[in-house]
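When a ligand or atom number is given, it counts from 1 through the structure's own listing order. Index from 1, following the sequence. Just so it is clear, the structure is predicted and the values come from calculations on it, not from any experiment.
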Amino acid sequence: MKRKAIVTGITGQDGAYLSKFLLEKGYEVYGVVRRSSHFGVADHRLRWLGINNDINVIDGNLSDLSSLIRAVAQVKPDEVYNLAAQSFVASSWQQPVLTANITAVGVANMLEAVRIAAPEARFYQASSSEMFGKIQEAAQSETTPFYPRSPYAVAKLYGHWITVNYRESFNMHASSGILFNHESPLRGIEFVTRKVTDAVARIKLGLAMELKLGNIDAKRDWGHAKDYVVAMWMMLQQDQADDYVIATGRTTTVRDMCRIAFTHVGLTMDDYLSIDPNLFRPAEVDILLGNPEKARKTLGWEPSTTLEEMITEMVDADLARLTAK
Ligand code: F7E
């Protein structure tokens, strides 16, 4: 019998990479997808990876509990990966209530659906390093206190604790992965790495003249999404459910990440980069640096891609994409 997995957020970066990984492992993969007249656009990542025809799509929405119960009852999955969210931090100040409904309460809905319709299924919650916010320890681990700095981070914190609570209350196999920033050529254009690599490719090809950024002093611990989805799966293969920080253990400023991209195509960053105060956030997370020791020891997980390798891969992918157009 093939193992079955439900993935919410399957049209996003992580959903696409995780689905490819699970298909290669022989799983049947079901994606809960919110109805939209734009699905032909929304599934572009699945098409990019060549797996769009291998996914079973189920209509459903994290804010509609009945649709989730039906999905779980229909599939009877072995594993459920809850990756869906309003995930762009900057938007969470514009849409705080929607962010709470999907990114926080949506987790409770998904957990309820699993508890009601497939209580033996293993559950993965996509928690976030944003929960550390105003950091309380130089290198953040599973025991570092949280201090969220955005409506997004506040919502993720609820999702994290409700997952822990369902594990402790109902003995569910529910794990939470506290993932630090992870990127790839499939990253949405609104996030800073992809905004940079797309702009650098455009400038190189003569399609753009400048790149505007906000706070380039912010520091992030950036890894590759392809590596990080493997950690999600590893968590669900453990006998005991638990929480894990997934990170590289290296932090870099937005400025230096940007310089890597410009240097790769032989351009000087300072000739093109300008600062737009409108892109600063109402409250910033100045620095994040993860300590992935527990994941290394318990799961045997290690990142395999350096920041330089990832950024150059992203610039090359954007150059290829723009040239093909
Ligand atoms: O910003 C600064 C910005 O939007 C990174 C999400 O996946 O990772 C992501 O959250 C930093 C921030 O990601 C621009 O102020 C400067 O300090 O790429 P980002 P994020 O907010 O760290 C975590 C782990 C998640 O869970 C989230 O879902 O870059 N920055 N100038 C800029 N950021 C953007 N987007 N655009 C700029 O022009």
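- Some N or O of Gly214 is nearer than 3.5 Å to an N or O of ligand 1, by distance alone.
- At under 3.5 Å, not a single nitrogen or oxygen of Trp222, backbone or side chain, sits near a nitrogen or oxygen of ligand 1.
- Using a 4.5 Å heavy-atom cutoff, the side chains of Met232 and Leu179 are in contact.
- When each atom of ligand 1 is checked for a heavy atom of Phe88 under 4.0 Å away, the hits are 4 (O), 35 (N).
- Ligand 1 lies less than 4.0 angstrom from a heavy atom belonging to Ser129.
- Nearest protein heavy-atom contact of atom 30 (N) of ligand 1 is Val192 CG2, 3.9 Å.
- Scanning the protein heavy atoms around atom 1 (O) of ligand 1, the nearest turns out to be Arg281 NH2, 3.5 Å.
- Nearest non-hydrogen protein atom to atom 38 (O) of ligand 1 is Lys195 NZ, 2.8 Å.
- Residue-ligand proximity, Ser128 to ligand 1, at heavy-atom distances under 4.0 Å covers atoms 23 (C), 24 (C), 25 (C), 26 (O).
- Under the 4.0 Å criterion applied to side-chain N and carboxylate O atoms, Asp318 and Arg202 are not assigned as salt-bridge partners.
- The shortest contact between atom 35 (N) of ligand 1 and any protein heavy atom is with Glu190 O, 2.9 Å.
- Counting protein heavy atoms only, atom 12 (C) of ligand 1 is closest to Arg220 NH2, 3.4 Å.
- Counting heavy atoms closer than 4.0 Å to ligand 1, residue Arg187 contributes side-chain atoms (C-beta onward) but none from N, CA, C or O.
- Here the CG atom belonging to Asn109 is positioned 8.0 Å from the CG atom belonging to Asp64, to the nearest 0.5 angstrom.
- A distance of 11.5 Å separates CE of Met110 from OG1 of Thr163, quoted to the nearest 0.5 Å.
- Both the sub-6.0 Å distance and the 45° axial angle are not jointly satisfied by Lys226 relative to the ring of Tyr17.
- Applying the 4.0 Å criterion to heavy atoms of Asn215 picks out, from ligand 1, the atoms 2 (C), 16 (C), 31 (N).
- Under a 4.0 angstrom heavy-atom cut-off, Leu179 registers as being in contact with ligand 1.
- Neither the backbone nor the side chain of Lys156 comes within contact range of ligand 1; no heavy atom lies under 4.0 Å.
- Side chain to side chain, His182 and Asp227 fail the donor-acceptor criterion of an N or O pair below 3.5 Å.
- Every atom of ligand 1 is numbered from 1 in the order shown, and the set under 4.0 Å from a heavy atom of Val89 is 10 (O), 21 (O).
- Using a cut-off of 4.0 Å between Lys/Arg side-chain N and Asp/Glu carboxylate O, Glu130 and Arg220 are scored as salt-bridged.
- Side chain to side chain, Ser67 and Asn61 fail the donor-acceptor criterion of an N or O pair below 3.5 Å.
- With a 4.5 Å cut-off on side-chain heavy atoms, Ile178 and Phe146 count as touching.
- In summary, Arg250 and Glu308 engage in a salt bridge, as defined by a charged side-chain N under 4.0 Å from a carboxylate O.
- Residue Ile216 does not touch ligand 1, judged by heavy-atom distances below 4.0 Å.
- A salt bridge links Asp217 to Arg255: at least one charged side-chain nitrogen sits closer than 4.0 Å to a carboxylate oxygen.
- Set against the non-hydrogen atoms of Leu279, the atoms of ligand 1 under 4.0 Å away are 38 (O).
- For atom 15 (O) of ligand 1, the closest non-hydrogen atom on the protein side is Glu284 OE2, 2.6 Å.
- Remark: ligand 1 atoms within the under-4.0 Å shell around heavy atoms of Ala218 are 17 (O).
- Counting protein heavy atoms only, atom 20 (P) of ligand 1 is closest to Asn181 ND2, 3.7 Å.
- Between Asp243 and Arg167 there is a salt bridge, since a side-chain N of the basic residue sits under 4.0 Å from a carboxylate O of the acidic one.
- Contacts between His182 and ligand 1 below 4.0 angstrom, taking non-hydrogen atoms only, are absent altogether.
- Where the criterion is an N or O separation shorter than 3.5 Å, residue side chain and backbone included, Ser87 meets it with respect to ligand 1.
- Contacts between Tyr152 and ligand 1, counted as non-hydrogen atom pairs separated by less than 4.0 Å, involve the side chain only.
- Counted within 6.0 Å of CD on Gln240, heavy atoms from surrounding residues, nucleotides or ligands total 12 or fewer; the atom is thus considered open.
- Residues Ile6 and Val114 fail the side-chain proximity criterion, which asks for heavy atoms closer than 4.5 Å.
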